[in-house]
Trainee: 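I have a structure here, written as structure tokens, and I will follow up with some questions on it.
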Amino acid sequence: MNYNFRQIEAKWQQYWTKNQTFKVENDSDKPKFYALSMFPYPSGAGLHVGHPLGYIACDIYARYKRHKGYNVLHPMGYDSFGLPAEQYAIQTGQHPAITTETNIKRYREQLDQLGFSFDWSREVRTSNPRYYKWTQWVFIQLFNSWYNNQTDKAEPIESLIAIFEKEGNRSVNASCDDDTPVFLASEWNSFSEKQKQQVLLKYRLTYLADAEVNWCPALGTVLANDEIVNGVSERGGHPVIRKKMTQWMMRITAYAQRLLDGLDTIDWPQPLKDSQTNWIGRSEGASATFKVIPTGRNDEGSHQIEVFTTRPDTIFGASFMTLAPEHELVAKITTPAQKSEIDAYVEATSKRSERERMADVKTISGAFTGAYAEHPFTKAPIPIWIGDYVLANYGTGAVMAVPCGDQRDYDFAKHFDIDIPNIFDGVDISEEAFADKVNTLIANSDFLNGLRHKEATRKVIDELEKIGQGQGKINYRLRDAVFSRQRYWGEPFPVYYDADGMPQIIAEGHLPLELPEVEKYLPTETGEPPLGNATHWAWNAEANKVVANELIDHKTVFPLELNTMPGWAGSSQYFNRYMDPHNAAAIYSQEAIDYWQDVDLYIGGSEHATGHLLYSRFWQKFLFDRGVAPKDEFAKKLINQGMITGTSAFVYKDVAQNKVYSKALINGKHVNPIHADVSLIDSSDELDVEAFKKWRPDLSKAEFILENGKYIVGREIEKMSKSKYNVVNPDQICEDYGADSLRLYEMFLGPLEQSKPWNTAGITGVHSFLKKLWKLYLAVDDSEPTPDNLKTLHKTIKKVEEDIEHFSFNTSVSTFMICVNELTAQKCTSKAILGPLAILVSPYAPHIAEELWEIMGHTGSIANVSFPQLEGKYLVESTKAYPISFNGKMRFKLELPLDMAKADIEAAVMAHEQTAKYLDGRTPKKVIVVPGKIVNVVG
RNA sequence: GCCGAAGUGGCGGAAUUGGUAGACGCGCUGGAUUCAAAAUCCAGUGGUAGCAAUACCGUGUGGGUUCGAUUCCCACCUUCGGUACCA
């Protein structure tokens with residue numbers, strides 16, 4: 001009987017579905033384990049072999065935990081809102097929901113084929129109204145919350161209103177907009193409803209703001225910082241410009257410190273933690289206020305410039321100030337004489353795209369405002385410049401420039417011939433700035449003279465506080481996140497605008513607010529987002545339902561928000577929703593989350609480091625503050641699977657003639673490498689020339705110059721992508737070798753976290769392993785196992801268990817191969833050995849394991865059988881083949897009892913005939929004996 | 001520039017606390033089987049020299065610590081990922 005993987009795999013996949021083998025309940029006497037793979041965006045291209053890598057690893061671990069007696073939650077779903085379906089809708093008019101549905105179906109087929117132990121009854125789709133109802137619900141909770149810095153957590157907005165009514169906002173320490181005015185209780189109480197709402201927006205955790213946003217004209221939408229790579233959009237690579245727009249924002253900055261602190265409590269990869277740390281960008285320093293010296297302009301009040309600096313100790317070295325060109329004071333302080341120069345400069349920078357600005361970092365530019373600020377201590381006038389090296393959205397958008405201590409300030413000063421006072425003792429600054437904090441003392445700095453960096457910093461902050469012109473401050477690079485997108489295929493905001501134009505929330509009971517139908521998926525002619533095309537998109541606040549736009553009267557019927565939520569909204573809570581996915585009354589029940597708590601193992605790509613994984617942590621902490629989630633970190637352990645890269649193939653076309661050379665023949669010739677589809681190449685890099693000619697008709701007339709009668713292609717490792725013709729999808733491999741072979745092979749390729757090239761050639765190795773495994777069971781019987789059999793089995797149990805616990809799946813595949821090779825050599829037929837072996841293999845190759853289990857006479861799935869117990873007694877050795885080395889070089893082996901004493905080992909080695917040979921008459925200086933390990937003779 | 005990861009045979013990789021470098025698999029070479037091929041099985045396979053026993057070299061490079069270093073320390077080189085005028 002041959003190993004008929006097609007029949008076996010189909011049989012067990014049907015069995016698992018029919019018997020709901022992997023359906024999991026929310027209550028159990030067993031301990032819980034939550035294993036989660038990041039859910040995919042269902043793209044039209046389907047899965048390629050790189051996608052399942054993390055899923056397979058996670059599935060192995062989930063199945064292992066099931067064997068170990070855990071109640072395992074292992075769900076899967078789809079992040080099904082997103083740009084590609086919408087772009088397709090724009091091109092073809094097909095509703096994104098239809099495209100999405102088709103793609104999901106294809107994904108599901110591909111996933112089912114691979115034998116995952118997902119509980120599909122818990123599937124979620126972010127674009128399903130029953131799901132996004134709860135995304136909208138979280139938005140409402142954020143809208144109705146503020147961040148109290150005193151208690152360091154989010155609180156209901158009502159508690160803030162109560163404070164305002166009693167004592168105004170002077171005593172409130174909250175995360176709020178910078179321009180929040182100070183008011184008394186009496187003032188608050190006399191505010192109009194609109195004024196109150198405007199003030200509250202400055203405190204809400206999601207709020208409307210006129211923000212400088214990254215506008216992408218080609219995509220017709222704004223993008224978040226993490227959606228922009230190298231100044232162009234992550235998707236499509238379109239240019240991005242800066243634009244002021246009214247947008248929904250998320251006050252993630254309120255959580256900056258806690259997002260940083262939380263990293264210490266979770267077992268996530270250090271590189272991922274590092275990139276979150278850098279993204280949050282905490283820096284410690286001081287804020288200082290510089291008064292602008294009045295110049296007698298009649299429209300000029302008293303202005304002051306606030307700066308943030310990490311080097312307050314260098315304040316006496318400040319010889320100028322630089323404002324960002326966008327800084328609001330620029331227009332107010334510029335002198336008439338300098339106005340035209342400043343205007344021209346501001347105009348020029350606003351036109352430069354972010355990309356241009358980044359492309360030439362080297363060019364120094366700026367302009368003088370004509371105004372001066374007063375140094376807080378020396379009272380000396382300091383010229384105020386503007387320059388685009390100062391960023392409007394970092395710190396205060398203004399810099400106290402200390403050219404002797406900061407290279408950019410130094411370059412700017414040199415370029416514009418500004419004074420560079422030296423405040424470092426014994427340091428030469430004639431060539432460059434001195435940024436070292438440690439190896440100098442402060443000089444020429446009044447009360448700071450002779451102090452080190454640390455003392456000077458402390459002292460200057462004290463002095464700034466005394467004169468009321470500054471204090472110690474911690475600054476973060478992290479910005480509040482733009483939460484509006486001018487797209488159709490996303491979650492609608494549960495928001496309408498009242499007669500005052502203030503946002504009003506649709507009550508929870510009326511959710512979900514479902515996406516309206518539109519004729520076109522493009523922005524409207526007036527530049528409004530695609531929802532502006534909907535004719536039925538107004539809110540009747542009495543009937544609490546969506547009605548036609550023409551009924552808008554701003555009394556009972558109001559316009560609805562036209563923006564939709566960004567891609568990361570739906571993925572920021574999905575892991576909790578899996579715990580209770582069909583709950584219509586709540587995001588999840590208290591019992592469900594009390595039972596499952598959090599994710600024990602989360603596997604996914606590192607590209608989500610500063611997007612999904614940061615936003616999710618933010619929402620989780622918020623829900624924790626509001627008592628909705630029991631843990632303030634959602635995933636205890638996270639693993640980034642590496643990328644599987646493609647092995648591209650190249651043919652080499654002569655530039656001048658219509659000749660294509662085999663790889664070894666290109667030396668000295670001027671050739672163009674051309675991608676060849678990898679499906680046309682065999683395992684020894686030989687090209688099927690005829691098939692290639694059919695595939696590239698333009699080269700069908702070309703002469704192919706062969707080596708040894710073969711055309712050999714060149715190979716190169718590149719990212720797997722359609723355009724490089726190096727994509728390998730799992731379907732063909734499942735067809736040729738089966739899912740179990742694919743699963744084993746993906747694991748066998750190398751360590752999970754590392755990126756590695758895909759090369760189909762090696763799959764025959766794991767496939768023949770499965771065939772050998774299968775053969776072992778052909779004559780399975782009840783014979784007594786031999787000591788060798790038992791030793792092989794228990795050695796394997798030990799290693800495989802250790803490997804799974806360490807996520808070292810590649811080495812356990814090797815271990816299985818060694819085990820099967822040994823048992824085959826031992827002619828083992830014993831059920832007492834082969835039974836446990838089938839269980840060991842089952843997390844990796846579940847289909848064949850089920851079949852073998854059945855062959856051995858068991859009924860029911862192997863998935864719930866206990867993992868074999870390691871019995872150390874079978875592994876006990878009485879002797880050891882000691883490697884005997886001379887000066888660190890192993891020369892021969894000597895079999896000695898393991899319980900032999902050190903001195904006896906040494907004596908046995910010295911007495912050995914080979915020892916005399918290697919010593920060659922010398923007397924050893926020393927003999928190192930490590931019992932159980934090694935003997936080293938020195939001398 | 002800064003942060004991070006990684007450099008081991010022809011290839012993917014192994015060596016879990018400093019103790020036999022190259023497990024396992026691919027590929028390759030030779031052989032068995034076959035009319036032939038596929039499949040399967042057996043043997044060999046880091047490099048150099050040698051018929052061989054064996055010797056020397058060998059984990060990116062150069063130093064160091066150690067009886068002993070792929071593993072620890074210092075300096076450097078290369079590749080990949082992230083980030084970028086962050087005050």
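Letters A, B, ... are given to chains in the order of the sequence lines, protein chains preceding strands, and every chain is numbered from 1.
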Trainee: When only distance counts, do a donor and an acceptor, one from the side chain of A:Lys893 and one from the base of B:U20, lie under 3.5 Å apart?
Mentor: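 When only heavy-atom distances are counted, A:Lys893 does reach the base of B:U20 through a donor-acceptor pair under 3.5 Å.
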Trainee: Under the 3.5 angstrom rule, does the side chain of A:Asp409 hit a backbone N or O of A:Val402 as a donor-acceptor pair?
Mentor: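 Such a contact is found between A:Asp409 side chain and A:Val402 backbone.
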Trainee: Taking the basic N atoms (NZ, or NE/NH1/NH2) and the acidic carboxylate oxygens, is any pair closer than 4.0 Å for A:Lys791 and A:Glu822?
Mentor: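 Salt bridge absent between A:Lys791 and A:Glu822.
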Trainee: Just do the ring-ring contact (aromatic ring centres under 6.0 Å, His included) check on A:Phe412 and A:Tyr389 with the steps written out, would you?
Mentor: CA-CA 9 Å; A:Phe412 194 88; A:Tyr389 80 97; 5.3 Å; yes
Trainee: In whole Å, what is the span from the CZ atom of A:Phe807 to the C1' atom of B:U16?
Mentor: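 The answer, rounded to whole Å, is 15 Å.
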Trainee: Counting runs of three or more consecutive pairs, Watson-Crick or G-U wobble, with each distance below 3.5 Å, where are the stems of RNA chain B?
Mentor: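 For RNA chain B the paired stretches long enough to count as stems (3 pairs minimum) are B:1-7 with B:77-83, B:10-12 with B:24-26, B:27-32 with B:40-45, B:46-49 with B:54-57, B:60-64 with B:72-76.
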Trainee: Restricting to side-chain hydrogen bond (donor to acceptor under 3.5 Å, both in side chains), what partner residues turn up for A:Glu895, sequence neighbours left out?
Mentor: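 Residues passing side-chain hydrogen bond (donor to acceptor under 3.5 Å, both in side chains) with A:Glu895: A:Thr879.
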Trainee: What pair of heavy atoms forms the shortest contact from A:Phe320 to A:Ile382, and how long is it?
Mentor: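 Scanning both residues, the minimum pair turns out to be CA-CG2, 3.1 Å.
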Trainee: Would you measure the distance from the P atom in B:G58 across to the matching atom in B:C3 and give it in whole Å?
Mentor: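 Going atom to atom, P in each nucleotide, I get 33 Å.
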Trainee: Is any N or O donor-acceptor pair between the side chain of A:Lys917 and the base of B:U54 shorter than 3.5 Å?
Mentor: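 It does not, because no donor-acceptor pair links the side chain of A:Lys917 to the base of B:U54 below 3.5 Å.
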Trainee: Side chain of A:Tyr918 only, heavy atoms from C-beta on: which candidate in B:A55, B:G12, B:A87 is closest?
Mentor: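 Per side-chain heavy atoms of A:Tyr918, the pick is B:A55.
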Trainee: From B:A87, B:G19, B:C67, pick the nucleotide closest to the side chain of A:Lys926?
Mentor: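 Nearest listed nucleotide: B:C67.
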Trainee: Looking only at side-chain atoms of A:Pro751, point me to the closest of B:G13, B:A39, B:A87.
Mentor: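 It is B:G13.
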Trainee: Rounding to a whole Å, what distance do you find between A:Phe886:CZ and B:C56:P?
Mentor: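 The distance from CZ of A:Phe886 to P of B:C56 comes to 13 Å, rounded to the nearest Å.
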Trainee: Just the rounded figure in Å: distance from P of B:G4 to CG of A:Asn278.
Mentor: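 That distance rounds to 9 Å.
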Trainee: Using atom P in both nucleotides, what's the gap between B:A15 and B:G62 to the nearest angstrom?
Mentor: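 It comes out at 26 Å once rounded to the nearest Å.
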Trainee: Please check: side-chain N/O of A:Tyr476 versus main-chain N/O of A:Trp279, any donor-acceptor pairing under 3.5 Å?
Mentor: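 No.
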Trainee: Aromatic rings A:Tyr615 and A:Trp568: how do their planes relate, parallel, tilted or perpendicular, breaks at 30° and 60°?
Mentor: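 Ring orientation, 0 to 90° scale: parallel.
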Trainee: Could you work out the separation of B:G22 and B:U71 based on their C1' atoms and round it to a whole Å?
Mentor: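 Going atom to atom, C1' in each nucleotide, I get 15 Å.
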Trainee: Who are the side chain to side chain contact (heavy atoms under 4.5 Å, CB included) partners of A:Lys933, not counting sequence neighbours?
Mentor: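 For A:Lys933, the residues satisfying side chain to side chain contact (heavy atoms under 4.5 Å, CB included) (neighbours in sequence not counted) are A:Val930.
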Trainee: Between atom CG in A:Leu272 and atom C1' in B:U83, what is the gap in whole Å?
Mentor: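 Rounding to the nearest Å, CG of A:Leu272 and C1' of B:U83 are 14 Å apart.
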Trainee: For B:G47 versus B:U29, give the span between their P atoms, rounded off to a whole number of Å.
Mentor: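 Nearest-Å result for B:G47 against B:U29 at atom P: 15 Å.
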Trainee: I'd like a table of atom pairs between the protein and nucleotides 21-26 of chain B - only N or O on both sides, under 3.5 Å - with the distance next to each one.
Mentor:
residue, atom, partner, partner atom, Å
B:A23, N1, A:Ser814, OG, 3.4
B:G25, OP1, A:Asn821, ND2, 3.3

Trainee: Expressed in whole Å, how much space separates the P atoms belonging to B:A5 and B:C74?
Mentor: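 So the two P atoms sit 14 Å from each other.
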Trainee: Under the side chain to side chain contact (heavy atoms under 4.5 Å, CB included) test against A:Glu284, which residue among A:Thr310, A:Ile474, A:Asn475 passes?
Mentor: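 Output: one option passes, namely A:Ile474.
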Trainee: Whole angstrom is fine here: how far is it from CD1 in A:Ile905 over to C1' in B:G19?
Mentor: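 Rounded to whole Å, this separation is 14 Å.
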Trainee: When the P atoms of B:U8 and B:C80 are considered, how many whole Å apart are they?
Mentor: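 One P to the other, the span is 15 Å.
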Trainee: I need the CZ-C1' distance between A:Arg479 and B:U83, as an integer number of Å.
Mentor: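 For the pair A:Arg479 CZ and B:U83 C1', the rounded distance is 16 Å.
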Trainee: Hey, does A:Ser808 reach any base, or is it just sugar-phosphate, or nothing, if we go heavy atoms under 4.0 Å?
Mentor: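 If one applies the 4.0 Å heavy-atom cut-off, A:Ser808 turns out to touch nothing in the nucleic acid.
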Trainee: Take atom C1' in B:A21 and the same atom in B:G4, then report the distance between them in whole Å.
Mentor: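 That atom pair is separated by 28 Å.
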Trainee: Just the rounded figure in Å: distance from C1' of B:C3 to CG of A:Leu263.
Mentor: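 Atom CG in A:Leu263 sits about 15 Å away from atom C1' in B:C3.
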Trainee: Strictly below 4.0 Å: does A:Lys756 bring a side-chain N or O up to OP1 or OP2 of B:G13?
Mentor: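 Answer is no, no contact under 4.0 Å.
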Trainee: Could you pick out which residue, A:Asp274 or A:Asn887, lies toward the 5' side of RNA chain B when each is mapped onto its nearest nucleotide?
Mentor: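 Nearer the 5' end of the strand: A:Asp274.
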Trainee: Using OP1 and OP2 only, check whether a side-chain N or O of A:Arg891 sits under 4.0 Å from B:U20.
Mentor: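 No, outside the criterion.
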Trainee: Under 4.0 Å: is that the gap between some side-chain N or O of A:Ser283 and OP1 or OP2 of B:A87?
Mentor: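 For B:A87, OP1 or OP2 has a side-chain N or O of A:Ser283 closer than 4.0 Å.
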Trainee: With respect to the side chain of A:Glu802, which nucleotide from B:C56, B:U16, B:G13 is positioned closest?
Mentor: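 Output: B:U16.
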Trainee: Return the set of residues passing side-chain hydrogen bond (donor to acceptor under 3.5 Å, both in side chains) with A:Asp313 (not counting sequence neighbours), or none when no residue passes.
Mentor: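 Per chain and number, A:Asp313 pairs via side-chain hydrogen bond (donor to acceptor under 3.5 Å, both in side chains) with A:Arg311, A:His453.
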Trainee: Out of B:G82, B:A84, B:G19, which nucleotide sits closest to the side chain of A:Arg477?
Mentor: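 Minimum distance to the A:Arg477 side chain belongs to B:A84.
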Trainee: Expressed as a whole number of Å, how far does the P atom of B:C42 sit from that of B:C26?
Mentor: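 It comes out at 12 Å once rounded to the nearest Å.
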Trainee: Nearest heavy atom decides the nucleotide; on that basis, is A:Val930 or A:Val399 closer to the 5' end of RNA chain B?
Mentor: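 Between the two, 5'-proximity favours A:Val930.
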Trainee: Under a 4.0 Å N-O cut-off, is there an ion pair linking A:Lys902 with A:Glu906?
Mentor: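 Salt bridge between A:Lys902 and A:Glu906, a charged N being under 4.0 Å from a carboxylate O: no.
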Trainee: Please identify each residue that fulfils side-chain hydrogen bond (donor to acceptor under 3.5 Å, both in side chains) with A:Gln826, with sequence neighbours left out.
Mentor: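 Once residues adjacent in sequence are excluded, the partners of A:Gln826 under the side-chain hydrogen bond (donor to acceptor under 3.5 Å, both in side chains) criterion are A:Asn789, A:Thr792.
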Trainee: Among B:C67, B:A87, B:U20, find the nucleotide with the atom closest to the side chain of A:Asn936.
Mentor: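 Given the options B:C67, B:A87, B:U20, the side chain of A:Asn936 is closest to B:C67.
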Trainee: With syn defined as a glycosidic angle within 90° of 0 and anti as the rest, where does B:G68 land?
Mentor: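 Glycosidic conformation of B:G68: anti.
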Trainee: Send over the distance from A:Asp411 CG to B:A87 P, rounded to a whole Å.
Mentor: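 Going from CG in A:Asp411 over to P in B:A87 covers 16 Å.
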